[in-house]
2 protein chains.
Amino acid sequence: MKHNPIHILIVDDHQLFAEGLMALLKQHHDDYFFTHIHRGDLLIKSIGNLTPHLILLDIKMPGLDGIKALELLKKENSHIKIIMISTFSDAETINKCLSKGADAFLLKNVGITELRNTIDKVLHQNSGNKYADFFDKDKQYEWVSTIYKITKREWEIMQYIKIGETNQQISNRLNLSIYTTETHRKNIMQKLKLKNPTELIKFLLENQL
Amino acid sequence: MKHNPIHILIVDDHQLFAEGLMALLKQHHDDYFFTHIHRGDLLIKSIGNLTPHLILLDIKMPGLDGIKALELLKKENSHIKIIMISTFSDAETINKCLSKGADAFLLKNVGITELRNTIDKVLHQNSGNKYADFFDKDKQYEWVSTIYKITKREWEIMQYIKIGETNQQISNRLNLSIYTTETHRKNIMQKLKLKNPTELIKFLLENQL
DNA sequence: CCGACAATACCAACCAGTTTGTATTTTTTA
DNA sequence: TAAAAAATACAAACTGGTTGGTATTGTCGG
């Protein structure tokens, strides 16, 4: 690591974020050099001409989402280390990433120290160990519950609505009458002052719940 | 600007983004110093004890969204310059920000040069001029249309679905029969291989369309 | 000029969620 | 322990979107 420069490829559609990352990582490592790609599909097209040791891969991107990109990459270039970086972190997404071969999963709200540590770990292990940064759902619940008076059960139901389940599916899953789920949903809508299912989904996604 | 240090307050829930920004901005300005707050509600609580010259304010945050924060801030501290930084940029959001007193609106996918220029402009003007960075919707349309074969009309209708309009409202707006809108919607769903309205909204939001 | 595609329009049966109610049981907490 | 809050359950009328069709008109490129 001292004597051969390490090539890090950053794949993220946010120019500012990518540039910031490079600036931060360079601060302690003269031997890092970077490439920046801002679209998933360009990554796949150009990976043949690039030989990164490590890819920092955003999940949410135009062109091709990070998870599909990860899948394609690991099939062809399994030696390249990949750290997924995302805003979201439901367990489902994290597990999908790890099972498709990601070496680590980090949230965008980690600090640079944690990112550096993760990079070091990933670069210096013969793979196998995975590092995942599970999101603190409790914090999220805390603010919806205090601001909107959302109860635990309502919160639980919101989580299933977010992943696209119908009232019927939620009821089956939680062993509830569909009427109960309807009632909860009604109360959620009232408390959040939302008018239609679309607005609920937007609320959930935009507030990263 | 040479002799009195400039205090920049960064309000963004993404630690990495904020740290990256600070690293980038420090590179050319020794006379900048920074505070970082990661929640909208904490901003409002602590603004009394802070005297920033400039606030870089993210729109999407837990606690209190950036637009409300902007509103509250400008009411009390109209002299503080505020640059909104966001991932999204529908004209509605931009206009809302500018009308509530934001001095500029930038997307997270601008580069550091553009950010620096905007900061300089905002700091050196007696307010009045506004800088907004309207998103290149054409680019977005380009990739959905090439990947999913979405037509112009379908794209147009998707935009209204995204803001929560019903088929009826869209039909009125575009002078179409509701049957036409239904047909377009049906085709959109098929082309995107989506099963229900929830998935469509998720697709639109997650792909920032 | 013709074939493909886009845009328009229609229909009926169907499915999902909303609204506006009421009401019982369980749990929490003052 | 009594009151409040949360969770449960039900029902009917209603609104909005889906599914799987069909069909006409316009338009653009080969």
Side-chain angles (χ1 to χ4, degrees), chain A residues 137-138 140-206 209, chain B residues 137-138 140-206 209:
Chain A
K137 271 277 166 201
D138 291 349
Q140 302 294 87
Y141 169 61
E142 207 182 298
W143 85 262
V144 248
S145 70
T146 52
I147 295 179
Y148 299 100
K149 306 269 156 59
I150 288 294
T151 69
K152 263 213 206 76
R153 197 55 151 174
E154 285 160 358
W155 169 255
E156 201 181 355
I157 284 165
M158 284 164 76
Q159 301 305 309
Y160 295 117
I161 292 174
K162 196 187 67 172
I163 60 170
E165 296 207 346
T166 63
N167 287 347
Q168 189 58 66
Q169 290 172 316
I170 297 170
S171 305
N172 293 153
R173 179 193 285 280
L174 301 177
N175 281 312
L176 293 175
S177 154
I178 190 169
Y179 297 115
T180 306
T181 309
E182 276 174 8
T183 304
H184 283 308
R185 194 167 177 136
K186 173 173 59 182
N187 293 331
I188 290 167
M189 299 296 282
Q190 270 167 10
K191 288 178 181 180
L192 301 181
K193 297 198 187 71
L194 302 173
K195 288 188 290 292
N196 53 54
T198 298
E199 289 195 340
L200 178 54
I201 296 294
K202 283 179 78 170
F203 177 87
L204 291 169
L205 293 181
E206 285 176 354
L209 304 178
Chain B
K137 270 279 166 199
D138 291 348
Q140 302 294 87
Y141 169 62
E142 207 183 299
W143 85 261
V144 251
S145 68
T146 51
I147 295 180
Y148 299 100
K149 305 270 155 57
I150 289 292
T151 68
K152 264 212 205 79
R153 196 55 151 174
E154 285 160 359
W155 168 256
E156 201 181 355
I157 283 166
M158 284 164 76
Q159 301 305 308
Y160 294 118
I161 292 173
K162 196 186 69 172
I163 60 170
E165 296 208 346
T166 63
N167 287 346
Q168 189 59 66
Q169 290 172 316
I170 297 171
S171 306
N172 292 154
R173 179 192 285 281
L174 301 177
N175 280 312
L176 293 175
S177 155
I178 190 169
Y179 296 115
T180 306
T181 309
E182 277 174 7
T183 303
H184 283 309
R185 196 168 175 136
K186 178 169 55 180
N187 293 331
I188 290 167
M189 298 297 281
Q190 270 167 9
K191 289 180 181 179
L192 302 180
K193 297 198 186 68
L194 302 173
K195 287 189 291 293
N196 54 55
T198 298
E199 291 195 336
L200 178 54
I201 296 295
K202 283 179 77 171
F203 178 86
L204 292 169
L205 292 182
E206 287 176 353
L209 304 179

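Numbers restart at 1 for each chain; the letters A, B, ... are given by sequence-line order, proteins then strands. All values reported here derive from a predicted model rather than from experimental measurement.
The nearest whole Å value for the distance from the OH atom in Y148(B) to the P atom in dA6(C) is 17 Å. Rounded to an integer number of Å, the gap from CH2 of W155(B) to C1' of dA6(C) is 18 Å. Distance I188(B) CD1 to dT19(D) P: 13 Å, rounded to the nearest Å. When the P atom of dA16(C) is taken as reference, atom CD1 of I201(A) falls 15 Å away, rounded to whole Å. Between the P atom of dA7(C) and the NZ atom of K149(B) lies a distance of 15 Å, rounded to the nearest Å. One can place CE of M158(A) at 16 Å from C1' of dA6(D), the figure rounded to the nearest angstrom. In this structure, the CD1 atom of I150(A) is 12 Å from the C1' atom of dA6(D), given to the nearest Å. Remark: P of dT25(C) and CG of L176(A) are 17 Å apart, rounded to the nearest angstrom.
Projected onto DNA chain C by closest heavy-atom contact, E154(B) and S177(B) fall at different nucleotides, the more 5' of which corresponds to E154(B).
I178(A) pairs with exactly one of N172(A), N167(A), T166(A) by the side-chain contact (heavy atoms from CB on, under 4.5 Å) rule, that one being N167(A).
Here the OG atom belonging to S145(A) is positioned 10.5 Å from the CD atom belonging to E154(A), to the nearest 0.5 angstrom.
In this structure, T181(A) and H184(A) have side chains that are not in contact, with every pair of non-hydrogen atoms separated by 4.5 Å or more.
Without hydrogens or angle criteria, K202(A) side chain to K162(B) main chain gives a donor-acceptor distance under 3.5 Å. The closest donor-acceptor contact from the side chain of E199(B) to the backbone of K195(B) lies under 3.5 Å. With hydrogens and angles disregarded, a donor-acceptor distance shorter than 3.5 Å links the side chain of K191(B) to the backbone of K149(B).
Using a 4.0 Å heavy-atom distance criterion, T180(A) is classed as a base contact.
By the 30° and 60° cut-offs, the orientation of the rings of W155(A) relative to Y141(A) is tilted.
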Are there any protein N/O atoms within less than 3.5 Å of an N/O atom in nucleotides 17-21 of chain C, and if so, which ones and at what distance?
residue	atom	partner	partner atom	Å
dG17(C)	OP2	N167(A)	N	3.1
dT18(C)	OP2	R185(A)	NE	3.0
dT20(C)	O4	K186(A)	NZ	3.1
dG21(C)	O6	K186(A)	NZ	2.9

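An OP1 or OP2 oxygen of dA7(D) is reached within less than 4.0 angstrom by no side-chain nitrogen or oxygen of H184(A). At dC5(C), none of the side-chain N or O atoms of T151(B) fall inside 4.0 Å of OP1 or OP2 (strictly under the cut-off). Contact annotation: Y179(B) side-chain N/O to dC11(C) OP1/OP2 distance is under 4.0 Å.
The nucleotide whose nearest atom lies closest to any side-chain atom of K152(B) is, among dA9(C), dA7(C), dA9(D), dA7(C).
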